[in-house]
A.B. asks: 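Have a look at this one.
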Amino acid sequence: MSVISELIRTEADGTISFGDYTLASKTKKDNFAHGTDSYKVKTFREITKLECNGVFVYESVPGTAVNGLDITENEVSFQVEGPEDAKITLGLSDSTEYEVLINGENAGTMKTNLGGKLTVSVELGAQEPIAVRIVKK
């Protein structure tokens, strides 16, 4: 896996990939059509942010590259990579419990706030991409 040089793309399996943490300045791509949705990505070394139809989906600090983002009613899954540890915030359902799995290992249960945001930390760096899976309980 590596950075997404086109900033956002649709994969053959129907998922999306986005983010380029190597950019020195903020770069964005707006109105990216995926199915019936419109995505907007902003990315560079300090932050990567994704919105769908104007609604918050993903943010990482510092910036990351995400491959295979798949969002269903009960689960969000993706692979993430970056040059250093990252704090990832996802927009999910309000006041809902989720099981968090990092590389297949249970990292515990977390509850979203009233705004539906859930934040996890992932250890990134020189290693392989990290698989993140968030499952509604």
Side-chain angles (χ1 to χ4, degrees):
M1 188 167 99
S2 60
V3 299
I4 313 305
S5 59
E6 59 269 62
L7 303 186
I8 187 168
R9 68 176 178 237
T10 299
E11 301 295 348
D13 63 3
T15 61
I16 61 171
S17 297
F18 62 94
D20 186 345
Y21 57 83
T22 65
L23 297 170
S25 61
K26 192 181 299 183
T27 306
K28 68 179 180 175
K29 184 165 188 173
D30 215 347
N31 300 317
F32 176 81
H34 178 73
T36 59
D37 297 315
S38 178
Y39 285 87
K40 176 181 181 179
V41 65
K42 295 179 193 174
T43 187
F44 75 125
R45 72 174 151 235
E46 293 179 21
I47 191 169
T48 295
K49 187 172 184 176
L50 181 71
E51 295 176 357
C52 178
N53 302 324
V55 177
F56 174 84
V57 174
Y58 175 99
E59 179 180 276
S60 71
V61 176
T64 54
V66 174
N67 264 342
L69 176 69
D70 189 21
I71 301 171
T72 66
E73 183 179 337
N74 295 313
E75 183 175 326
V76 176
S77 62
F78 56 91
Q79 288 198 329
V80 61
E81 92 171 31
E84 58 188 281
D85 296 352
K87 180 175 78 171
I88 297 172
T89 304
L90 299 166
L92 303 169
S93 299
D94 300 348
S95 301
T96 303
E97 284 193 345
Y98 290 88
E99 182 178 10
V100 178
L101 298 118
I102 308 292
N103 274 345
E105 293 189 26
N106 191 329
T109 299
M110 299 178 76
K111 187 173 182 178
T112 57
N113 62 19
L114 291 175
K117 291 186 178 177
L118 182 131
T119 301
V120 297
S121 294
V122 291
E123 295 179 10
L124 302 174
Q127 62 211 21
E128 294 295 312
I130 302 295
V132 177
R133 194 169 154 233
I134 312 292
V135 181
K136 188 184 282 186
K137 291 192 74 119

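These numbers come from the heavy atoms of this one structure, side chains and all, not from hydrogens, waters or symmetry mates.
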A.B. asks: List the atom of Gly68, the atom of Ser17, and the distance in Å for their closest heavy-atom pair.
C.D. replies: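 Minimum heavy-atom contact is N-OG, 3.1 Å.
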
A.B. asks: Sort and list the pairs that fulfil ring pair (Phe, Tyr, Trp, His ring centres under 6.0 Å) and have at least one residue in residues 84-108, not counting sequence neighbours.
C.D. replies: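 Listed by first then second residue: nothing to list.
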
A.B. asks: Can you check whether Leu101 reaches Val132 side chain to side chain, under 4.5 Å on heavy atoms?
C.D. replies: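 Sidechains of Val132 and Leu101: no contact.
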
A.B. asks: Which atom names give the shortest non-hydrogen contact between Asp20 and Ser5, and what distance separates them?
C.D. replies: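 Residues Asp20 and Ser5, closest heavy atoms: OD2-CA, 4.4 Å.
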
A.B. asks: Without hydrogens or angle criteria, can the side chains of Thr72 and Asn74 be said to hold a donor-acceptor pair below 3.5 Å?
C.D. replies: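 On atom types as modelled, these side chains do not qualify, holding no pair under 3.5 Å.
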
A.B. asks: Side-chain contact test, heavy atoms from C-beta onward, threshold under 4.5 Å: evaluate it for Ile8 versus Tyr39 and give yes or no.
C.D. replies: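 Sidechains of Tyr39 and Ile8: in contact.
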
A.B. asks: Among Glu51, Lys49, Lys117, which one satisfies side chain to side chain contact (heavy atoms under 4.5 Å, CB included) with Glu59?
C.D. replies: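 When side chain to side chain contact (heavy atoms under 4.5 Å, CB included) is applied between Glu59 and each of Glu51, Lys49, Lys117, only Lys49 qualifies.
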
A.B. asks: I'd like to check Thr48 versus Val66 (side-chain heavy atoms, cut-off strictly below 4.5 Å). Are they in contact?
C.D. replies: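 No; the side chains remain at least 4.5 Å from each other.
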
A.B. asks: Mind checking the CG-OG spacing from Leu114 to Ser95? Nearest 0.5 Å is all I need.
C.D. replies: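 It comes to 4.5 Å.
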
A.B. asks: Let me confirm one number: the CG-CD1 distance from Leu92 to Ile71, rounded to the nearest 0.5 Å.
C.D. replies: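 Here the rounded value is 8.5 Å.
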
A.B. asks: Report yes if the side chains of Thr64 and Tyr58 come closer than 4.5 Å at any heavy-atom pair, otherwise no.
C.D. replies: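 A side-chain contact under 4.5 Å exists here.
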
A.B. asks: With hydrophobic residues grouped by side-chain heavy-atom distances under 4.5 Å, do Leu69 and Val135 end up in a single group?
C.D. replies: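 No, because Leu69 and Val135 fall into different hydrophobic clusters, even though each may have its own neighbours under 4.5 Å.
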
A.B. asks: Counting only heavy atoms not in Glu123, do more than 12 fall under 6.0 Å of its CD?
C.D. replies: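 Count not over threshold, so no.
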
A.B. asks: Once rounded to the nearest 0.5 Å, what's the spacing between atom CD of Glu81 and atom CD of Glu128?
C.D. replies: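 Answer rounded to 0.5 Å: 9.0 Å.
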
A.B. asks: Might you work through the side-chain contact (heavy atoms from CB on, under 4.5 Å) test for Leu23 and Leu7, ending with a clear yes or no?
C.D. replies: CA-CA 10 Å; Leu23 297 170; Leu7 303 186; 4.0 Å; yes

A.B. asks: Would you please say whether a donor-acceptor pair under 3.5 Å links the side chains of Ser60 and Tyr21?
C.D. replies: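 Ser60 vs Tyr21: no donor-acceptor pair found between side chains.
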
A.B. asks: To the nearest 0.5 Å, tell me how far Lys137 NZ sits from Lys111 NZ.
C.D. replies: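 Between Lys137 NZ and Lys111 NZ, I get 13.0 Å after rounding to 0.5 Å.
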
A.B. asks: Using ring centroids (six-membered ring only for Trp), state whether Phe32 and Phe18 fall under 6.0 Å.
C.D. replies: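 No, the ring centres sit 6.0 Å or more apart.
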
A.B. asks: To check you understand the geometry: which heavy-atom pair defines the closest contact between Ala86 and Leu124, and what is its length?
C.D. replies: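 So the two residues come closest at CB-CD1, 3.8 Å.
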
A.B. asks: Has the side chain of His34 got a donor or acceptor atom that lies under 3.5 Å from a matching backbone atom of Arg9?
C.D. replies: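 No; zero donor-acceptor contacts below 3.5 Å.
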
A.B. asks: Check Pro83 against Gly63 and note the closest heavy-atom contact, atom names and distance.
C.D. replies: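 Smallest interatomic distance, heavy atoms only, reads CD-O, 4.0 Å.
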
A.B. asks: Quick one: does Phe56's side chain get under 4.5 Å of Thr89's, heavy atoms only?
C.D. replies: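 In contact.
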
A.B. asks: To the nearest 0.5 angstrom, please state how far the CG atom of Asn67 sits from the CD1 atom of Ile16.
C.D. replies: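 Between atom CG of Asn67 and atom CD1 of Ile16 there are 10.5 Å.
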
A.B. asks: Establish, from distance only, whether the side-chain atoms of Thr109 and Glu97 form a donor-acceptor pair under 3.5 Å.
C.D. replies: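 Their side chains do not contain a donor-acceptor pair, so the 3.5 Å distance test is not met.
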
A.B. asks: What are the two closest heavy atoms between Ser77 and Arg133, and how far apart are they?
C.D. replies: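 Closest approach of Ser77 to Arg133: CB-CG, 4.2 Å.
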
A.B. asks: Find the distance between CG (Leu90) and OG1 (Thr112) and round it off to the nearest 0.5 Å.
C.D. replies: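 With rounding to 0.5 Å, CG (Leu90) is 11.0 Å from OG1 (Thr112).
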
A.B. asks: Does Ile47 reach the side chain of Lys42, with side-chain heavy atoms less than 4.5 Å apart?
C.D. replies: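 No - every pair of side-chain heavy atoms lies 4.5 Å or more apart.
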
